[in-house]
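Read through the structure below, which is laid out as structure tokens, and then see the notes.
Reckoned from all heavy atoms, side chains included, excluding hydrogens, waters and symmetry mates. Below, chain A is the first sequence line, B the second, and so on; all start at residue 1. If you're wondering where the values come from, they're calculated on a predicted model, not measured in any experiment.
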Amino acid sequence: MSFEQFKDLFQRAFESEEELQEEYRAFLSMFEQLNRAPVPEMTDDDKATIFNRAWLERPQKVSWISTWMNFFKQPAVAFVLGIVIGCMVMSNAKNKRLDLAQPVSADTLLTIERTNYTQTYKGKMIEEFYPEFENPRIVLEQTEESSPPQRTLYGTLDNGEITVVWNL
Amino acid sequence: MNQHYPVSDEALIKAATRGDRDAAAWLYHRHVDKVHRICYRIVLDPSQVQDCVQEVWLKVFRSLDGFRSGRSFAAWLNTVTANTAIDYYRKYVRQRNLHEAHKGHVEALATDEQADEAHVLEQIQTALEEISVNQRAAFTLRYFEDMPTSEIARTLGCAEGTVRVHIRRALLALRERLAGKLHQ
């Protein structure tokens, strides 16, 4: 400890600088003895042991999503899950074959029905295009290959009381 | 001190909080000797020091997430170390018979080849044991770690005036206890 540091601590306890210096000299031998008491160093093994324990015992933040992800990433779980899903799909396919002739949903945007000579367009898109008509549909007719197609709008008014046929 | 290292403490802390073990090890090895020195001077019993150091690092790694960047890690670590060592010493004294532990320590040192040197060290150790743990902590940080009084006050969570009183009393008590013994 330097004299300045010592002075900072004991300045008020002594009346003169000389007294303070004399007191400091009395402390010097004690400081020398204290300096002869070094701290023994830790071995590298001790340091490593302490680090490993402290590091392993720290709390680890694991979110529930990553916990589930890690669970399903396990090969055995993934394998079993694959078999279960496969069985479910096969069972569904065998018992409920896909119905390809499902009725047209009211919400279908555009439905096209084709025959040899006509194409009929109907659906939500046509209804929004002609909101004043009920059940509007546009029919494209081509009587001969060389003749231009005829576009006709069919629909009703007043709850079906009036039928509208409009050549476009 | 931190700016002399190629990688700052803050960068190592960020990596360590993400689970980077190497970064944590680097941070640990950078500061472990100082932590050990402070623990040794406050706890005094060599058989207990490693457990105390372990406790400090457990606290550090547990609360690393809560460490605010922009603050000095070294200063925060000093606070954790000094307070953990003070608490550890108090618990240790409560749990065990200090007198017996001390006796065993003297015998161990007395069998050493350098008996005279060991005797002086033992006298210092005894003198340090006889002052209160708060005085010893303040004195250790000021005298051995060369820490300014204001920083010691922040570290120990008390007023600067209290720190000065602790150090003064520690110095006077040490001189009183060591003056007669060291020159025998």
Side-chain angles (χ1 to χ4, degrees), chain A residues 1-67 69-70 73, chain B residues 16-19 21 24-25 27-29 32-41 46 49-51 53-65 117 120-125 127-128 139 142-144 146 148-149 163-165 167-168 170-172 174-179 181-183:
Chain A
M1 181 176 274
S2 70
F3 177 67
E4 290 306 314
Q5 290 169 343
F6 184 78
K7 192 177 167 181
D8 183 47
L9 289 167
F10 288 99
Q11 198 164 25
R12 289 180 191 169
F14 299 98
E15 288 178 359
S16 66
E17 181 91 1
E18 286 74 33
E19 261 187 84
L20 193 65
Q21 281 185 348
E22 201 176 312
E23 193 66 19
Y24 178 66
R25 277 193 291 275
F27 269 99
L28 278 177
S29 68
M30 187 194 82
F31 293 151
E32 281 170 19
Q33 299 298 331
L34 284 174
N35 293 340
R36 280 171 58 193
V39 175
E41 285 191 3
M42 275 198 299
T43 64
D44 288 345
D45 283 349
D46 289 340
K47 285 182 189 176
T49 307
I50 289 173
F51 172 75
N52 287 333
R53 277 193 206 148
W55 181 248
L56 286 175
E57 286 186 31
R58 80 196 193 285
Q60 295 181 40
K61 280 196 290 184
V62 181
S63 70
W64 65 271
I65 294 172
S66 61
T67 307
M69 288 297 286
N70 288 338
K73 274 180 189 170
Chain B
T17 49
R18 287 196 300 267
R21 193 179 185 280
L27 190 72
Y28 169 82
H29 284 292
V32 68
D33 287 334
K34 188 176 183 183
V35 169
H36 176 248
R37 271 201 318 269
I38 294 173
C39 289
Y40 187 92
R41 303 273 192 204
V49 176
Q50 280 192 27
D51 282 349
V53 173
Q54 168 95 59
E55 212 166 300
V56 170
W57 285 101
L58 273 171
K59 282 185 185 174
V60 169
F61 288 139
R62 276 179 192 158
S63 45
L64 215 51
D65 287 345
E117 186 73 8
V120 172
L121 293 178
E122 190 264 323
Q123 298 279 27
I124 292 169
Q125 202 82 342
L128 284 168
F139 176 73
R142 182 72 194 98
Y143 187 81
F144 293 110
D146 208 19
T149 320
V163 172
R164 285 173 198 281
V165 171
I167 299 169
R168 265 204 306 267
L171 278 170
L172 291 170
L174 285 173
R175 193 184 68 164
E176 190 185 324
R177 286 165 177 80
L178 294 177
K181 297 175 182 176
L182 293 172
H183 300 292

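The environment of A:Q21 atom CD is dense: over 12 non-hydrogen atoms of other residues, nucleotides or ligands sit within 6.0 angstrom.
B:V53 places none of its side-chain heavy atoms less than 4.5 Å from the side chain of A:K47.
Proximity to chain A (any heavy atom under 4.5 Å) is restricted, for B:I167, to the side chain, taken from C-beta onward. Looking at B:L171, both its backbone and its side chain come within 4.5 Å of chain A, counting heavy atoms on both sides. In this structure, chain A has a heavy atom under 4.5 Å from the side chain of B:T149, while its backbone stays farther away.
The two residues A:W55 and B:A24 have their closest heavy-atom pair at CZ3-CB, 3.3 Å.
The choice from B:R37, B:R41, B:K59, B:H29 that makes the most heavy-atom pairs within less than 4.5 Å of chain A is B:R41. Ranked by heavy-atom pairs shorter than 4.5 Å toward chain A, the options B:R142, B:R164, B:R21, B:R62 are led by B:R21.
A distance-only check finds no donor-acceptor pair linking the side chain of B:Y28 to the backbone of A:I50 [under 3.5 Å].
B:D51 contributes atom CG, which lies 7.5 Å from atom CZ of A:R53 (distance to the nearest 0.5 angstrom).
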Checklist entry - Between B:W57 and A:F51, is a ring-ring contact (aromatic ring centres under 6.0 Å, His included) present by the stated rule, with each step listed? => result CA-CA 7 Å; B:W57 285 101; A:F51 172 75; 8.1 Å; no
